[in-house]
Amino acid sequence: MATFRDLLSAAKSSITEVSTETAAEHIAAGYTVLDVREPDEHAEGALPGAIHIPRGHLEAQIENRISDKTTPVVVYCAGGVRSAFAAKTMQELGYETVESMDGGFGRWKDEGRDWKKPASLTGEQMNRYKRHLLLPEVGVEGQKALLDAKVLMLGAGGLGSPAALYLAAAGVGTIGIVDMDEVDASNLQRQILHNIDRIGDRKVDSAKKTLTMLNPDVNVVTYDTRLSAENIMDILPGYDVVVDGADNFPSRYLLNDASVKLGIPVVHGSIFRFEGMVSVFHPKQGPTYRDMVPEPPPAELAPSCAEAGVLGVLPGIIGSIQALETIKVILGLGEPLIGRILSVDTTEMEFRVFNLKPDPANEVTWANRDRIIVRELEGLCAPGLAH
């Protein structure tokens, strides 16, 4: 009958075992790092960027966490024993390039190599966000980034309602809400943050009640005011992303100019009758609102939802996409709609994507940020820059 030493010897003879020095070189070259220690060991310190799967869960989880079996992987544990067995298992599962780091985390740390304490969540948070934690693109690090993020909602209406609900549910730690209206019965067809018992209440107060009941992790900061040139530069600083749910051109241009000056990305959404659109205006990475709409159309050509109507479910679709794009920006996930416009026609259920390029005539840019004057829109679009 084989002993433990026999099994370990057999495992090591069938895998590639590398020194900490070679492991460091391969990690620098882009190898994925896998930590197979127990949760309490991992919490005390780990290699930066390591995927954590305890050895006992490896077979059940590895293919979800590292789906491409051509991905080169360096596996480590405390001393090199569990990582050897893990590497053998991964080879048997079809992973092409797997190395076990001899000496493990103990030797790595003793040699003074780079390590850090991983982000941590409470037990309650681990349970609340467990579906996020199963996603390797999110995990504990990503969830902690969401909890540390600050998102400002411009409006607690049709677009702000679904966006705020999903961002709060996702665990965005601070959600600011700017709105100066009160809840009206005609809002309830689409503004799902509110309910019939809140008619007559201030929208920001109603929104705060709903969001904190959904997720007590979220700090809801309310601004019961109209966004203006006098207050926008006091409100925006400190926020990571702005979700634009405004329903008028003056607010959109005001937000654009302030966000460009501050370098804050804006996740824009707009709706009309049965159609909507979403884009991400990131001043440091792509075009902004003035590149898409250099000048506002005449008022008679830009009716509001109050004048033209809107299908109640449409802002639910557009606002949910805004929430998704916001999370992508926070996590650096995938390809946000930077330089692209997503158009939705619900009558035909047709989604189209159009490219958006910077307008050479637009002077309200990140490069010109020191010259931007944030001011109210009067008549036609003011240049927005000090000359």
Side-chain angles (χ1 to χ4, degrees), residues 1-123 125-127 129-141 143:
M1 182 177 292
T3 65
F4 172 77
R5 289 186 178 279
D6 294 333
L7 293 174
L8 178 59
S9 178
K12 289 196 172 190
S13 67
S14 65
I15 64 165
T16 300
E17 193 171 42
V18 297
S19 66
T20 50
E21 181 178 1
T22 300
E25 292 172 355
H26 288 175
I27 292 166
Y31 277 47
T32 294
V33 185
L34 175 63
D35 182 340
V36 295
R37 296 174 300 159
E38 292 303 301
D40 58 331
E41 296 173 284
H42 178 75
E44 289 301 313
L47 273 65
I51 295 172
H52 178 230
I53 306 176
R55 175 64 190 90
H57 299 285
L58 183 70
E59 290 84 350
Q61 296 184 14
I62 187 61
E63 291 174 314
N64 288 330
R65 302 292 297 277
I66 305 177
S67 58
D68 183 356
K69 294 187 178 181
T70 66
T71 301
V73 181
V74 171
V75 190
Y76 75 92
C77 60
V81 173
R82 284 169 289 178
S83 62
F85 287 115
K88 184 174 185 297
T89 296
M90 290 179 67
Q91 285 183 172
E92 292 169 350
L93 289 171
Y95 288 86
E96 296 178 6
T97 305
V98 186
E99 300 173 348
S100 172
M101 187 171 77
D102 187 32
F105 182 69
R107 183 174 299 170
W108 179 278
K109 186 176 178 181
D110 289 344
E111 292 173 349
R113 300 184 187 277
D114 189 26
W115 65 278
K116 66 176 185 177
K117 280 204 168 189
S120 60
L121 303 174
T122 66
Q125 289 171 333
M126 293 289 287
N127 184 54
Y129 306 116
K130 65 166 55 176
R131 299 301 187 277
H132 274 179
L133 305 184
L134 290 172
L135 296 170
E137 296 85 354
V138 182
V140 174
E141 293 278 353
Q143 188 60 54

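The chain is numbered in sequence order, starting from 1.
- For E96, the salt bridge (Lys or Arg N to Asp or Glu O under 4.0 Å) test picks out no residue, with sequence neighbours left out.
- In this structure, D114 and P48 approach most closely via the heavy-atom pair OD2-CG, 3.4 Å.
- E63 is linked by a side-chain hydrogen bond (donor to acceptor under 3.5 Å, both in side chains) to K69, counting only residues two or more places apart in sequence or in another chain.
- Between M101 and S83 the shortest side-chain heavy-atom distance does not fall below 4.5 Å.
- Note that the CD1 atom of I27 and the CD atom of E99 stand 9.5 Å from one another [nearest 0.5 Å].
- In this structure, NZ in K130 is found 14.5 Å from CD in Q125, a value given to the nearest 0.5 Å.
- Of all heavy-atom pairs spanning R65 and H52, the tightest one is NH1-O, 3.4 Å.
- Contact between K12 and A84 at its shortest, heavy atoms only, is CG-CB, 4.0 Å.
- Here the side chains of I66 and I53 are not in contact, with every heavy-atom distance at 4.5 Å or above.
- Partners of D6 under the side-chain hydrogen bond (donor to acceptor under 3.5 Å, both in side chains) rule, at least two apart in sequence or in another chain, are T3.
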Side chain to side chain contact (heavy atoms under 4.5 Å, CB included) assessment of E41 paired with F105: CA-CA 10 Å; E41 296 173 284; F105 182 69; over 6 Å; no
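- Q143 places no side-chain N or O within 3.5 Å of a backbone atom of L121 that could act as its donor or acceptor partner.
- Expressed to the nearest 0.5 Å, how far CG of N127 lies from OG1 of T122 amounts to 9.5 Å.
- Across every non-hydrogen atom of V138 and H132, the tightest pair is CB-O, 3.5 Å.
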Step-by-step side chain to side chain contact (heavy atoms under 4.5 Å, CB included) determination, T70 to T97: CA-CA 7 Å; T70 66; T97 305; over 6 Å; no
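- The backbone N or O of N64 lies less than 3.5 Å from no partner atom in the side chain of S67, so there is not a single donor-acceptor pair.
- For the pair R55 and F85, the cation-pi test (distance below 6.0 Å, angle within 45°) is failed.
- For the atom pair CZ of R107 and OG1 of T20, the computed distance is 6.5 Å after rounding to the nearest 0.5 Å.
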Residues E25, V18; criterion side chain to side chain contact (heavy atoms under 4.5 Å, CB included); working and verdict: CA-CA 10 Å; E25 292 172 355; V18 297; over 6 Å; no
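- Taking the side chain as every heavy atom from C-beta outward, E44 and K117 approach each other to under 4.5 Å.
- In this structure, T32 has no side-chain hydrogen bond (donor to acceptor under 3.5 Å, both in side chains) partners at least two apart in sequence or on a different chain.
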Output a table of donor-acceptor pairs, distance under 3.5 Å, between side-chain atoms of residues 71-79 and any protein atom two or more places apart or on a different chain; print 'none' if there are none.
| from | atom 1 | to | atom 2 | distance (Å) |
| --- | --- | --- | --- | --- |
| T71 | OG1 | D68 | O | 2.9 |
| Y76 | OH | D35 | OD2 | 2.8 |
| Y76 | OH | L47 | N | 3.1 |

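- The two atoms that bring I62 and Y95 nearest to each other are O-OH, 3.3 Å, heavy atoms only.
- The CD atom of Q91 sits 7.0 Å away from the CD1 atom of I15 when rounded to the nearest 0.5 Å.
- By the salt bridge (Lys or Arg N to Asp or Glu O under 4.0 Å) test, E21 pairs with no residue at all, sequence neighbours left out.
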Derivation of the side chain to side chain contact (heavy atoms under 4.5 Å, CB included) call for R82 and E38: CA-CA 10 Å; R82 284 169 289 178; E38 292 303 301; 4.1 Å; yes
